[in-house]
Protein chains: 2
Amino acid sequence: MRCRHAGSISCVTPLYEQQDDFLAMAESLCRQRQQRFTELRRQVLSLICAAEQPLGAYALLDMLKAKGRSAAPPTVYRALDFLQQQGLVHRLASNNTYLACAHPQQPHEAVFLVCRQCGNTRELHTDGIYRALSRQARDAGFLAEHAAVEVSGLCTRCRDITTPEAAEK
Amino acid sequence: MRCRHAGSISCVTPLYEQQDDFLAMAESLCRQRQQRFTELRRQVLSLICAAEQPLGAYALLDMLKAKGRSAAPPTVYRALDFLQQQGLVHRLASNNTYLACAHPQQPHEAVFLVCRQCGNTRELHTDGIYRALSRQARDAGFLAEHAAVEVSGLCTRCRDITTPEAAEK
DNA sequence: CATGTTATGTTATAATATAACATTATCGAC
DNA sequence: GTCGATAATGTTATATTATAACATAACATG
Ligand SMILES: [Zn+2]
Ligand SMILES: [Zn+2]
Ligand SMILES: [Zn+2]
Ligand SMILES: [Zn+2]
């Protein structure tokens, strides 16, 4: 099942296998929007993108420092704020981590599947869920603006490891 | 629309109008489960229950101290851990607050409607959403165990205040 | 009451995030 | 190019949220 969304990035191929494409797209998006895709912002996005799991702000900070860059907490938080505003990065509230967005071209609501074992996280784009949530909220007199949906559980690999008999079938 | 779930606590009546009932139920639940509903735990639950908005841990801490109790962060975090284990309290990851559960009798998945203006938060019990999430996760090869669903937006009152013309209709 | 267990007190510290202000880079007007 | 405005980054300090570690107290059980 290929991605049906706009843009050149696939839903299924992990972002860290398409880093260059992703960074190029980010740069192009920022240019279109007259926003500056500075070296710092590129570095942070690149680190997030290269990671197999969502990263914490201080992990990013350490990586920046390791690359020889002078950096303090505001350095990374500011870059993260920018990247979130541009829709290039999402924040996971359930574990205070940040990950690259699979579809930065347009605003969207997403569902995150967070493996509690290995931390791998997938972003699903399921407007159905958000519509159902909006409707239920409206029935309760509530005007929904944004939904944070973070599902924790086990990814395929970790489920097979945890319950090896399941892998036999 | 009255609550269709088990227990004596209604979905629609705010918990702070049923504090005594709620505390009595909590005590009874703990007794059934052979868990100790200590004075500290009662106090914390009572404070959470009396609040109109979900409270942060340090707000609770200050309230405990104001009541003359000797307390430090672990005091309140331990009580919160216990109350969460017993299903009496939920934690909202999106704003690091804690609120009393509307249906502590059985484990359940819930949707939280968090007003970004006034902080008022309602707990909806909508198994439909969780089932849909589980199914979508399964289709992606993911075994869902828990879903944190936190919707932010405007409650009835704040929506009317923000856009007064809407209230006219 | 002796004993093991659970809960709480207490001190210190970890982890996450922001405030405030100085400095530097960038951009458009001239 | 120079200038002034704006945006970005550097830097220091601090706020906020949460846990580790160990001591003491309360409770249950025989
Ligand atoms: Zn996304
Ligand atoms: Zn996994
Ligand atoms: Zn609940
Ligand atoms: Zn409100």
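All values derive from a computational prediction rather than experimental measurement. The sequence lines fix the lettering, A, B, ..., with proteins before strands; numbering per chain opens at 1.
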Does [X] place a side-chain N or O at less than 4.0 Å from the phosphate oxygens OP1/OP2 of [N]?
{"X": "Thr75(A)", "N": "dT11(D)", "value": "no"}
{"X": "Arg36(A)", "N": "dA25(C)", "value": "no"}
{"X": "Tyr98(A)", "N": "dT16(C)", "value": "no"}
{"X": "Ser70(B)", "N": "dT10(C)", "value": "yes"}

Same cluster for Tyr77(A) and Leu88(A) if Ile/Leu/Val/Met/Phe/Trp/Tyr side chains link at under 4.5 Å?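 Yes, because Tyr77(A) and Leu88(A) connect within a single hydrophobic cluster, where side-chain heavy atoms sit under 4.5 Å apart.
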
Of Tyr58(A) and Arg78(A), the one whose closest DNA chain C nucleotide lies more 5':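 So the residue in question is Tyr58(A).
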
Hey, does Phe37(B) reach any base, or is it just sugar-phosphate, or nothing, if we go heavy atoms under 4.0 Å?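 No contact.
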
By a 5.5 angstrom centroid cut-off and a 30 degree plane limit, is there stacking between Tyr77(B) and dT19(D)?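 No.
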
Atom-pair distance ([atom1] on [X]; [atom2] on [N]), nearest Å:
{"X": "Asp81(B)", "N": "dA7(C)", "atom1": "CG", "atom2": "P", "answer": "12 Å"}
{"X": "Gln34(A)", "N": "dA8(D)", "atom1": "CD", "atom2": "C1'", "answer": "17 Å"}
{"X": "Leu61(A)", "N": "dA14(C)", "atom1": "CG", "atom2": "C1'", "answer": "15 Å"}
{"X": "Leu40(A)", "N": "dA25(C)", "atom1": "CG", "atom2": "P", "answer": "14 Å"}
{"X": "Lys65(B)", "N": "dG9(C)", "atom1": "NZ", "atom2": "C1'", "answer": "13 Å"}
{"X": "Asn96(A)", "N": "dA18(D)", "atom1": "CG", "atom2": "P", "answer": "9 Å"}
{"X": "Glu39(B)", "N": "dC27(D)", "atom1": "CD", "atom2": "C1'", "answer": "15 Å"}
{"X": "Arg31(B)", "N": "dA28(D)", "atom1": "CZ", "atom2": "P", "answer": "13 Å"}

Least distance between heavy atoms, Cys115(A) atom then Phe142(B) atom: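 That closest heavy-atom pairing would be N-CE1, 3.8 Å.
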
Compare all side-chain heavy atoms of Gln105(B) with those of Met25(B) and state whether any distance is below 4.5 angstrom.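 They are in contact (side-chain heavy atoms under 4.5 Å apart), so the answer is yes.
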
In the structure I gave you, are the side-chain heavy atoms of Arg42(A) and Leu23(A) within less than 4.5 Å of one another anywhere?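 Touching, per the 4.5 Å side-chain cut-off.
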
For residues 139-154 of chain A, which residue pairs pass the side-chain hydrogen bond (donor to acceptor under 3.5 Å, both in side chains) check, not counting sequence neighbours?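 For residues 139-154 of chain A: Ser94(A)-Glu150(A), Glu109(A)-His146(A), Glu145(A)-Arg116(B).
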
Nearest heavy atom decides the nucleotide; on that basis, is Phe82(A) or Pro74(A) closer to the 5' end of DNA chain D?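 Checking each residue's closest nucleotide, the 5'-ward one belongs to Phe82(A).
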
What nucleotide, of dT16(C), dA7(D), dA21(D), holds the atom closest to the side chain of Arg91(A)?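 Within the option list, the nearest is dT16(C).
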
Looking at the side chain of Arg41(B), which of dA21(D), dA7(C), dA18(D) is the nearest nucleotide?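 So the side chain of Arg41(B) is nearest to dA7(C).
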
